[in-house]
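Only a predicted model underlies this, so the values are computations on that prediction, with no experimental measurement involved. A note on names: the letters A, B, ... follow the listed sequences, proteins ahead of strands, and every chain is numbered from 1.
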Amino acid sequence: MLNIENIQVEYPDGLKALTKVSLNVEKGQNVAVVGANGAGKSTLILSIVGIMLPQMGSISIDGMRVNKQNLREIRKKAGVVFQNPDDQLFMCNVYDDIAFGPRNYKFTEAQTDERVWASLAALGVEHLAERSSHKLSGGEKRRIAIAAVLALQPELLLLDEPTSFLDPKARRKLIETFTELPLTKLIATHDLDMALDLCEKVIVLKEGKVFAEGVPKEILLNEELMQESGLELPLSCKR
Amino acid sequence: MAHIKNAVRDLHTLEDLAAGTTVIHRLHPLVKIITTLLYIVLVISFNRYNLSGLIPFVFYPVILMALAEIPYRPLFYRLLVALPFAFFAGISNVFFDREVALYLGGMAFSYGFIAFVSLLLKTFLTVMAVLILAATTSLSQISCQLARLKVPNILVMQIIMTYRYLGVLIHEAYTMFTAYILRSPQHKVIKMKDMGSFLGGLLLRSFDRADRLYAAMKCRGFGGSFTISDDAVVKRADWFYLLGLTAILLVLRYVNFSVWLGNSLNI
Ligand SMILES: Nc1ncnc2c1ncn2[C@@H]1O[C@H](COP(=O)(O)OP(=O)(O)O)[C@@H](O)[C@H]1O
Ligand SMILES: [Mg+2]
């Protein structure tokens, strides 16, 4: 589904955010990307959809190589949920916000409407359709931001720290919702407990490089490895 | 502090008001935009010494606010922002245009004074008209109709983004201000020497924010043009309102009521 080979991504100021990163995500998998602040998680997500284009290496989604010419299709295949929903929601009301994507892809109003309601339903927030986005609670905003991305029916969902800014209850409910979404997901997160519960695979980034990769239990419960990568053991196994 | 917070809330009150369901709210947005524009054009078209002709136009905000059940306070607050500009733009009239125009109750009023008052009144009326439009029609409806009127897409987009962005900017300012005050509890305002870095920081944060917002939009297929749904249908009441109001406004503009009002006000 997602194939990243040996990419190097540099910011305009010369900072190498990612070096020699390779990874694979299979269809239907939930994969967590963990790492300390500044490890390069967000940069990785942005380069998958071509907001940052790698200077070296290649990224392909479903066999389609990400390059300047096909960004439109790539961004329909892979949807990004940004870390801060306020960066993502900007229309006057929730409905228009969710319809923004489908309308950009020139779906008819009827098709758009259908997609909006389907994504609202998938996140259990139909009742918010008429509200204005900026007045919702953190958990609601997050759900709307995810619904907005789902409306394009992507095959791959890229989530940047989806549980940040959420209270424990909203967090738990969101994770439940994730388990019900039958989509391939790549989740950048600090929330190691979520990675442990939800994901089949973890990739640990450290200073822009893949530091470790494997089954969550083996990686996340390895105290030494976690410490070296600047992380801590999941709360659920700290006593 | 409080006024930054109020600014955010203020920005949102108009939007809340626009969610109402009165007769005026239910009118077709295009009809409201057209009549508002017509009203503004007619008000502005008055000769600058023609105060008496302008006075009947006060009926419009008064009646509309009553029908749409819009409270006075939030609109007047916003009005206060516009009036000082008109005040300073118009005050020079009073000094340079001193020829006496009329005597009223033994007082002499110069042409300059009359021009000044009529400018203030024009500002008041036009700003009220726009505020009433905003309080009865949601921004998405307005922008959608502007797009329909073939206003260039980029401009409509600009309006929406500016409006949205204003909220973000005020919010950032508020957050930074709170952080500042918490670390210097003896102050109630930002000290002048910190103002530079405060504003600089605000600017950088806003750029950052705009960058991410734009990236997020591109991720959802945004390519510069913009579409909004348009589900409003023109009903009979809309035609009635459009034609009726147009007729009334034209009569008020072109029939000389000062004859009836008596010559005392005629200028
Ligand atoms: N816009 C930018 N310009 C320059 N450097 C950046 C930019 N965004 C992030 N970086 C740098 O790239 C590195 C990776 O950042 P990021 O991908 O945001 O990490 P994470 O999401 O894991 O916290 C960091 O060292 C960060 O300072
Ligand atoms: Mg990040």
Would the number of heavy atoms belonging to other residues, nucleotides or ligands and lying under 6.0 Å from [atom1] of [X] be above 12?
| X | atom1 | result |
| --- | --- | --- |
| B/Phe59 | CZ | yes |
| B/Lys235 | NZ | yes |
| A/Glu207 | CD | no |
| A/Gln8 | CD | yes |

With a 4.5 angstrom heavy-atom cut-off, which part of [X] approaches chain B: side chain, backbone, both or neither?
| X | result |
| --- | --- |
| A/Asp160 | neither |
| A/Asp113 | neither |
| A/Ala145 | neither |

Response to the item:
Minimal heavy-atom distance between B/Lys218 and A/Arg75, with the atoms involved, is O-CD, 3.3 Å
Worksheet entry | Interatomic distance, A/Ile51 atom CD1 to B/Tyr214 atom OH [nearest 0.5 angstrom] | 9.0 Å
Practice prompt. Supply the atom-to-atom distance B/Cys219 SG to A/Leu158 CG, rounded to the nearest 0.5 angstrom.
Written response: 8.5 Å
Worksheet item: Does a side-chain N-to-carboxylate-O contact under 4.0 Å join A/Asp86 and B/Arg212?
Response: no
Practice prompt. Return yes if some donor-acceptor pair links the side-chain N/O of B/Arg220 with the main-chain N/O of A/Asn104 below 3.5 Å, else return no.
Written response: no
